[in-house]
Every structure is written in structure tokens, then in C-alpha cells.
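Below you'll find the structure, written out as C-alpha cells, and then a few comments.
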Amino acid sequence: MPVARPEPQEPRVIAHVDMDCFYVQVEQRRNPALRGQPTAVVQYNDWKGGGLIAVSYEARKFGVKRSMRGDEAKMVCPSINLVQVPVARDKADLNVYRSAGSELVAILSTKGKCERASIDEVYLDLTDAAKEMLLESPPELLELIFEEATKSNILGLPSDIGNREDSVRAWLCRADADYQDKLLSCGAIIVAQLRVKVLEETEFTCSAGIAHNKMLAKLVSGMHKPAQQTVVPSSAVQDFLVSLPIKKMKQLGGKLGSSLQDDLGVKTVGDLLSFAEEKLQEYYGVNTGTWLWKIARGISGEEVEDRLLPKSHGCGKTFPGPKALRNNASVKSWLDRLCEELSERIQSDLNQNKRIAQTLTLHARASKGNECDSIKKFPSKSCPLRYGTGKIQEDAMKLFESGLHDFLGSQNTKWSITSLSVSASKIFDIPSGTSSILRYIKGPNSTVSPANLDCSLPQDPSLGGINQFSNSSLTVLTCKHASLGNKLYITPNHEEQCEPSSSEKEDRGKNSNLDKQHQVKEEKRMSKKLTDVKGTCSILKFLSQSSPVVNEKRKLDSLTCSHPGPESSSEPNKAEEHKSAQPFDRNKSNPSGSNSASSSTWMFNVEDIDPAVVEELPPEIQREIHGWIRPPKHSSSKTRGSTISSYFQPAKRS
DNA sequence: ACGGATACAACT
DNA sequence: TAGTTGTAT
């Protein structure tokens, strides 16, 4: 399952920053009396004192562990403070921790590429920042090194001689270091500064690892905790890895790691070195084999993604033993609560981040009253996500019923649900030029509520998604999103001007490729055709002249919104008020947007665009329209060798 | 009566 | 694709 990535040959500086017992720190900030005390965060305390999900370092000294029960923790550490996770809608509510997590990201994303790896962890690619520092103020010339940096742990640095901080300082500044190490030194200093900043601005401490790739950075970020950082010079990698227990490696903490141990007798990463890449591939498949071979040598090409927000939202709850849900009504009532929370969360994601989730998925765990049967899994089900709490609840219940149907098959036995969860995924940024559409849909100062557009659940789930097409004159948004309707939004970028802008001319000049040039030229020609003079988009005419099929075209300005928003009831002239209060004005709603002037957006029903019409269009545009309707698939080359299942059954040697 | 609630990636 | 499985915290 893990896959090796091609690695850049240029040395990178990667950091992994990890909060120390994060939830505890959040609670300690809320209640400073807890600072320095043995403390743990528990969720639900009615059964055995609740389950621990974070433990302070003071409490760890007593042997308190994550995954212990509150009662057990009290046994080994009677003085422990147990703080409960907030509860909303009868379930754990992690929002305080989520927002604390975004505080960090906000600070940590200032020095380079930043990837939110979890609620309390980020990866940073500090290569550029480190290079810059090396040019402007190389540590070797610095008379004073940032103090926190001198507290770093440098892997492979002899720790028994003299003052530790002095030797770290010496390492960081040593003039005879190779280029890679110098970059790491700069990285260490930058990370130290960031960590201090985090502490100053959030009161949270964190630990970090600094290395040439993600794997190594992550591996050591937790090595010296709390509130410390560790650097991995490449010279230290081999020694560090040889003795490292295989299961400590990321991705090898589970079955794959066990298989390595039990089937191949690999106890440490060093033991892996004796296996040829081909051998590993025979056992675990091409991808995993190569990956294993590389990580044993400290090689990992995985890039730090530039992503500050989560890729999905989910919420769920377990119903252990006697709490299991045994009828539709109780499932519905829990599902409703879960969906309510999910709806709130995607709604605020939409409002704050202008992102839309496309897919709703339901997961459940179930068992049959008839326990003799093999433990069949409750299938997960998904469908296009429609915004609005009511819709989500409705759809989730349908998904559940469908799942239950599959689960039960023809049997008519009793069932019980031991866990339920709903999640929203396939989240897309709404292109900036489109924000005005949402602006229109929502009333002034109200929350966005595309849910109020009346649409039924589309039957074909493959038609889900939002795509943007943009050339110099048009921005097109296809929205096959159920809640927004299957729509095509077309916004001329600049209506007056059909001549290429100066920057575009420049681009064209640089373009040596004849094909490209032709393409651009063609595009300009079409721009003229598609964009007309008096503020009307002639693609409308164009399409409607070609075929009468396009019947749902309306200029958004004059669109009367029959359901303006959740706050306004269905008084008929509310829509008019709304309209005049909030005219569709791109400049107002999107001042920093790339689009100029007084563009207006036109809306089509995607399904109303007849394929025959599309065929009449010039090939360039045709291709693009096909792209709108169904985005071009990035062909994923299937490279599957022997199968993963080989590690469930020890591979047979030939 | 499973550590619970989330999240992510790769595979089929 | 949708659904499954594994992994991590």
C-alpha cells in the first residue's frame, strides 16, 4: 500500500512539527490551574471513567497511557486531573481542538510550504527559506545563534563531551559543514524560531524533527519530547536506522510491519537492508517492495503538499454493547444528530474557506442478532452531497437503509448497529470568480445556503463535481453538485476587451511552440465570437441559435430567487428585496478577483446542453465543453505486480 | 464492552 | 467510481 515517490535530487529541508499532548494543552490554556499537573483528557466518563485521548507528561510519569480508562488512570495516578471533551448533541465535539489546530497552521504556514497532516501536526518544506538564510545570514557568520536552536538534538552528535548546548552551537555554525548540513542548520534555526512563535502566540509547546525528507522528520519529531526538536544530518541516517525497530517506521506499525517481522524475520530497519529490492517486490508487490527498499536506506521522495485545510469532514459515534442501536428510529435520531454536526461543519467550511463538499458517505458497523453468521461488514454507501441539514439527514438515512438492505440480504433477522458515521469528502475550492454566485444565493449577511435551491437527488452519481474552465475571456464553472443543481455558470472575464492584454502578448512572445501559438490565436478568435460588446455573452446566443434545447438560460441579475435564505421565510416579495439589496455585482463581492469590469454570470442547466449543439462548436471549445461535462481523466497507469494479499499468507518462495 | 473520533492513502 | 482496507493519532 505504501508507494515510493520519485525523489528530488536537490537536498530539501523538511520539518515535521508535532504538538505535545495537544488536547491537554488546549485544556490547560482554558484552565491554567491544570498547568504542570498530571492531566488527561477523556471523552465520556460514565463508563469506567471515560477513555483517555491525551495525557500530560506529568501524568505519563505515573504510567498513565492513552487508551486507558479514566478509572485505571486514577488507580496509577490518584492526583490526575481528568478533563472531559466537550459534548454536543450527545457526542464528543472536537471543534475546540480543531480551531486550536488552525491557530498553529496559521503560524507555521508563514515560512514555506505547509501541509496540515492532522489536527495537531504539520509538515513544512523549508528548503527555500533555508537557502535564503544561507545566502543572507549563514549561521557560521552569526555571532549569536538563536537560543532555542542551540537546544536542538543533533542525531549522531557525541553527547558526552563538554557542554551540550555548546557543541550544538558549534555544529550549527561549523564552517566545514557540507552544503546539506548547512541547509539543515538553517532549517533548525527557522524551526526553533517558529516554535517560539507558536509558544508566544498560542501558549502551546510543540516538538519538531528536521531532516531531508518527511519520513525522517516525522520519525524524529517525537524522539525528544516535549518541547524539543531533533535534527537528522544525512551522516547519521544509517546508524540511526539500523537499530530502529521496524514497527516504529511510519506505515509499518500494523499488519505490514508484523508481516515483515513474522514472515521475513525483520526486526529492525537494518535487517531490511539485506533484502534485494526484487525480493521485497516478490513479497509485497512492486510498489510496496520498492518503497520498503528505499525507506530502509532513509530515502523518501514524498513531497510536502501545500494544504492548510482538511480534505474531508466526518463525524461519528460508537454504540458499544448494550448501547447498540436496534431499530430504524434510534438510528434515525442518531444519524440526524451526526448530520446536523456535519452540516454545520461543511457550512462553515463553505463560508470561511469557500469550499464545497461533493460526496456524502455513510459508514456503519453492524452485527446480526443471528450471531452464528460470519461477521459480515456493513457496506459503506455514498451519494452526491446536498447542502442543508435536512437534505443531509434525509440522504444519510437513505444511505443507511440501502446499506442495511445489502447487509441483511434476503434474511429477515434482527440487527444491531454498533457504530455510525457520516462524512463529507471531495471538497473543492470554489473558483474565486464564482464567489459572487454564492453571494447572490445567500442574502446579505446571511449564511450561504445553496440548499435552498430546489433540486432533487440526481440519479447518476457519476455526475458529481465542480469544474472550472477559464481562458482569457471566459470563466466557466460547471456545477454538477446536486444541491446547486447541474448548472453551468459562464462569466466573461472582460467584456469590452477582446484584444490580448499586454501580459498575454508577452506570454505569447515567449511561447516558442507553434502549436501553442496557434491554440492561443484560436482562443482569441473564439473569444471574440463568444464575448460580445454590450455586456451580453454571445455564447448564449450561439448555443441557443444552434439549438432550442438551451432553455434554462437566465441572467443571474434578473433571477428571482424563490428561496433567498434560511432566515427569510417564503414571503413572495422577499426575493425582490433581496435582489435589490444585493445586486449581483462581481466587483463588490470579489474585489480582489482576477476578473475585471462589470461581468455578469450566465447560468445553464448542464443537462440542457445538447451534445448535438456541442458538435457544432469549433474543436477547441468542444474539447473544453466535454471537459466541463466530464473532466478529463488523468490516466493512472496501473502498475500492479503481485498482490498485497501475499502478506496475509506468507509468500511462497520459488 | 472494541480505546473513540477522525483523518488519509492506496487498492480493487 | 464507489467501496474496502490499512494506518495513524
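Here is the naming used below: chain letters follow the sequence lines, and residue numbers restart at 1 for every chain. Below, each value reflects all heavy atoms present in this structure, side chains not excepted, and no hydrogens, waters or symmetry copies.
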Using only side-chain N and O atoms of [X], determine if any of them is under 4.0 Å from OP1 or OP2 of [N].
X      : N     : value
A/R307 : B/dA7 : no
A/Y44  : B/dA5 : yes
A/R365 : B/dA1 : no
A/T318 : B/dA5 : yes
A/K317 : B/dC2 : no
A/K426 : C/dA2 : yes
A/K381 : C/dT1 : no
A/S118 : B/dT6 : no
A/K311 : B/dC8 : no
A/S382 : C/dG3 : yes
A/K377 : C/dG3 : no
A/R98  : B/dA5 : no

Write down the distance between [atom1] ([X]) and [atom2] ([N]), rounded to a whole number of angstrom.
X      : N     : atom1 : atom2 : result
A/H313 : B/dC8 : NE2   : P     : 9 Å
A/D18  : B/dA7 : CG    : P     : 17 Å
A/D406 : C/dG3 : CG    : P     : 9 Å
A/E115 : C/dA8 : CD    : C1'   : 14 Å
A/D90  : B/dG4 : CG    : C1'   : 16 Å
A/L362 : C/dG3 : CG    : P     : 11 Å
A/K247 : C/dT9 : NZ    : P     : 13 Å
A/Y23  : B/dG4 : OH    : P     : 15 Å

Touch check for [X], heavy atoms < 4.0 angstrom, all strands: base, sugar-phosphate only, or nothing?
X      : answer
A/K218 : sugar-phosphate
A/K65  : nothing
A/E72  : nothing
A/M19  : nothing
A/P322 : base
A/I119 : nothing
A/Q251 : sugar-phosphate

Can you see whether [X] engages [Y] through a side-chain donor-acceptor pair at a distance of less than 3.5 angstrom?
X      : Y      : value
A/H363 : A/S421 : no
A/E277 : A/T290 : yes
A/E27  : A/T39  : no
A/S258 : A/K247 : yes
A/Y284 : A/S259 : yes

Check: Got a second to check how far A/M19's CE is from A/T202's OG1, nearest 0.5 Å?
Finding: 5.5 Å

Item checked: From A/N353 atom CG to A/I427 atom CD1, the distance as rounded to the nearest 0.5 Å -> 9.0 Å

With the side chain of [X] defined as its heavy atoms from C-beta on, choose the nearest nucleotide among [options].
X      : options              : answer
A/E121 : B/dT6, C/dA2, C/dT9  : C/dT9
A/P310 : B/dG3, B/dA10, B/dC8 : B/dC8
A/P379 : B/dA7, B/dG3, C/dT4  : C/dT4
A/V3   : B/dA1, B/dC11, B/dG4 : B/dC11
A/K91  : B/dT6, C/dT7, B/dA9  : B/dT6
A/S380 : B/dG4, C/dG3, C/dT9  : C/dG3
A/L256 : C/dT7, B/dA7, B/dA9  : C/dT7
A/S312 : C/dT4, B/dC8, B/dA9  : B/dC8
A/K250 : B/dA5, C/dA8, B/dA9  : C/dA8
A/I53  : B/dC11, C/dT4, B/dG4 : B/dG4

Item checked: Interatomic distance at P, C/dT1 relative to B/dA9, whole Å -> 15 Å

Notebook entry, point to check: Mind checking the C1' distance from B/dG4 to C/dT7? Whole angstroms is fine.
Noted result: 16 Å

Note to self: Looking at B/dA1 and A/W47: do their rings stack (centroid distance under 5.5 Å, interplanar angle under 30°)?
What the structure shows: yes

Check: Can you name the residues that form a side-chain contact (heavy atoms from CB on, under 4.5 Å) with A/K377, not counting sequence neighbours?
Finding: none

Notebook entry, point to check: Which comes earlier along DNA chain B counting from the 5' end, the contact point of A/E341 or that of A/F319, where each point is its nearest nucleotide?
Noted result: A/F319

Item checked: Residue closer to the 5' end of DNA chain B, A/S67 versus A/C315 (nearest nucleotide) -> A/S67

Note to self: A/K381: which residues meet the salt bridge (Lys or Arg N to Asp or Glu O under 4.0 Å) condition with it, sequence neighbours left out?
What the structure shows: A/D406

